[in-house]
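What follows is a set of notes on a single structure, which appears directly below.
Chain letters run A, B, ... following the sequence lines, proteins first and then strands; every chain starts at 1.
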There are 2 protein chains.
Amino acid sequence: MGVIRKTKSVTTILSYFSDGHEAISVVDLVERLSDEMNKTTVYRVLDRLEDEGLIHSFSGAKGLTWYAKCHDCSSHHHQDVHPHFECKECGKVECLDVSIELPQINNRHIETADVLLTGQCDDCKNL
Amino acid sequence: MGVIRKTKSVTTILSYFSDGHEAISVVDLVERLSDEMNKTTVYRVLDRLEDEGLIHSFSGAKGLTWYAKCHDCSSHHHQDVHPHFECKECGKVECLDVSIELPQINNRHIETADVLLTGQCDDCKNL
DNA sequence: TGTATTTTTGCAACTTAGTTGCATTAAATT
DNA sequence: AATTTAATGCAACTAAGTTGCAAAAATACA
């Protein structure tokens, strides 16, 4: 228990997560894998991979769910507190490798912080 | 032009936004107003109010859309860069009155920042 | 090995937030 | 009052994500 079974679906989906910081949306993944596996399987495999701390999910600007490889997460505690960036021109979404400085909030116990930055990536900025 | 027409729907919906920082989800608003107006109207009125800078929208933890009163927004530029807080116990969502310090990101032009903090509010913390 | 058990997958149907087209009503303009 | 413009209701739709159940695949174990 606590170990991902390397089924064909798992291996295929994992191959979409490069070592970089780029994220992929579930919708995109479902579309690309549409003639290889069912969308339910995609959703469930992603769930499992996130439970095991291999990938993490977050919401993009339009409310879609994105996944990216974890670099410093464990099964039950996703420590990777970093911002995500979505380019409003080309749609690329990625994890930024900087730490977020969380404000101290009176009388509240903060457990998670989701930071989504939107703007233009380098490529689109220079067009 | 550029001014909200104070129709019955507008007045009713505006009355749901107190002077405080508490937010309300669209789903909740649609439900509460279900025998007063159509859900399409709720969506459209909220759109207009946001266009005019009276309220602002953001996504909560479960991907739902929430609205809260603007304190420092204008029609085309929502300056109010503050974090939102969602209590995972009672579900309350609110705007936090602190400034977010955005990290400097190389080679990217950041236009907006959405920060969602989740945890326990004061009430739920002390149960 | 073969059989029983558990996990994974596919499929179809469903749920739900949000949108759209269009006809109707209401408000503003002249 | 007549005309134009904007707001609303309604029904049907879209799309992301979920669920139940049966079939298939992987694992355990005698």
For this session: Provide, to the nearest angstrom, the distance between the CG atom belonging to A/Asp51 and the P atom belonging to C/dT7.
Result: 14 Å
Problem set entry | Whole-Å gap separating C1' (D/dA23) and CG (A/Asn38) | 13 Å
Exercise. Within this structure, what is the CG-to-C1' distance between A/Leu46 and C/dT9, rounded to whole angstrom?
Worked result: 14 Å
Problem set entry | Gap separating the NE2 atom of A/His109 from the CG atom of B/Asp122, nearest 0.5 angstrom | 13.0 Å
Problem set entry | Interatomic distance where CG belongs to A/Asp35 and P belongs to C/dT9 [whole Å] | 17 Å
Under 3.5 Å, sequence neighbours excluded: what are the donor-acceptor pairs made by side chains of residues 35-49 of chain B?
residue, atom, partner, partner atom, Å
B/Asn38, OD1, B/Thr40, N, 2.8
B/Asn38, OD1, B/Thr40, OG1, 2.9

Exercise. What nucleic acid atoms does A/Val30 come within less than 4.0 Å of, heavy atoms only: base, sugar-phosphate, or nothing?
Worked result: nothing
For this session: Output all residues satisfying side chain to side chain contact (heavy atoms under 4.5 Å, CB included) with A/Glu22, sequence neighbours left out; order by chain, then residue number.
Result: A/Lys92
For this session: Please name all residues satisfying side chain to side chain contact (heavy atoms under 4.5 Å, CB included) with B/Ser25, sequence neighbours left out, ordered by chain then number.
Result: B/Val27, B/Asp28, B/Trp66
Exercise. Using the C1' atoms of five pairs at each end, what's the angle between the two axes of the helix from C/dT1-D/dA30 to C/dT30-D/dA1, to 10 degrees?
Worked result: 20°
Problem set entry | Length of the line joining A/Ile4:CD1 and D/dT27:C1', which is rounded to integer Å | 16 Å
Exercise. From B/Ile105 CD1 over to A/Leu96 CG, what is the distance, rounded to the nearest 0.5 angstrom?
Worked result: 4.5 Å
For this session: Can you tell me the distance, in whole Å, between the CD atom of A/Glu36 and the C1' atom of C/dG10?
Result: 15 Å
Seminar exercise, completed: Residues at least two apart in sequence or cross-chain that pass side chain to side chain contact (heavy atoms under 4.5 Å, CB included) with A/Thr65, listed by chain then number, are A/Val26, A/Ser57, A/Tyr67
Problem set entry | Atom pair SG/NE2 of A/Cys95 and A/His56 - distance to nearest 0.5 Å | 3.5 Å
Problem set entry | Side chain of A/Met37 (C-beta onward), nearest among D/dA7, C/dT9, C/dG10 | C/dG10
Problem set entry | Nearest-0.5 Å distance, CG of residue A/Leu14 to NZ of residue A/Lys6 | 6.5 Å
For this session: Could you grab the distance from atom NE2 of B/His82 to atom CD of B/Glu94, nearest 0.5 Å is fine?
Result: 10.5 Å
For this session: Sugar-phosphate means primed atoms, P, OP1 and OP2; the rest is base. With that split, encode nucleotides 17-30 of chain C 5' to 3' as B, S or - using protein heavy atoms under 4.0 Å.
Result: SBBBB-----S---
Exercise. Once you round it to whole Å, what is the distance between P of D/dA26 and CZ of A/Arg48?
Worked result: 12 Å
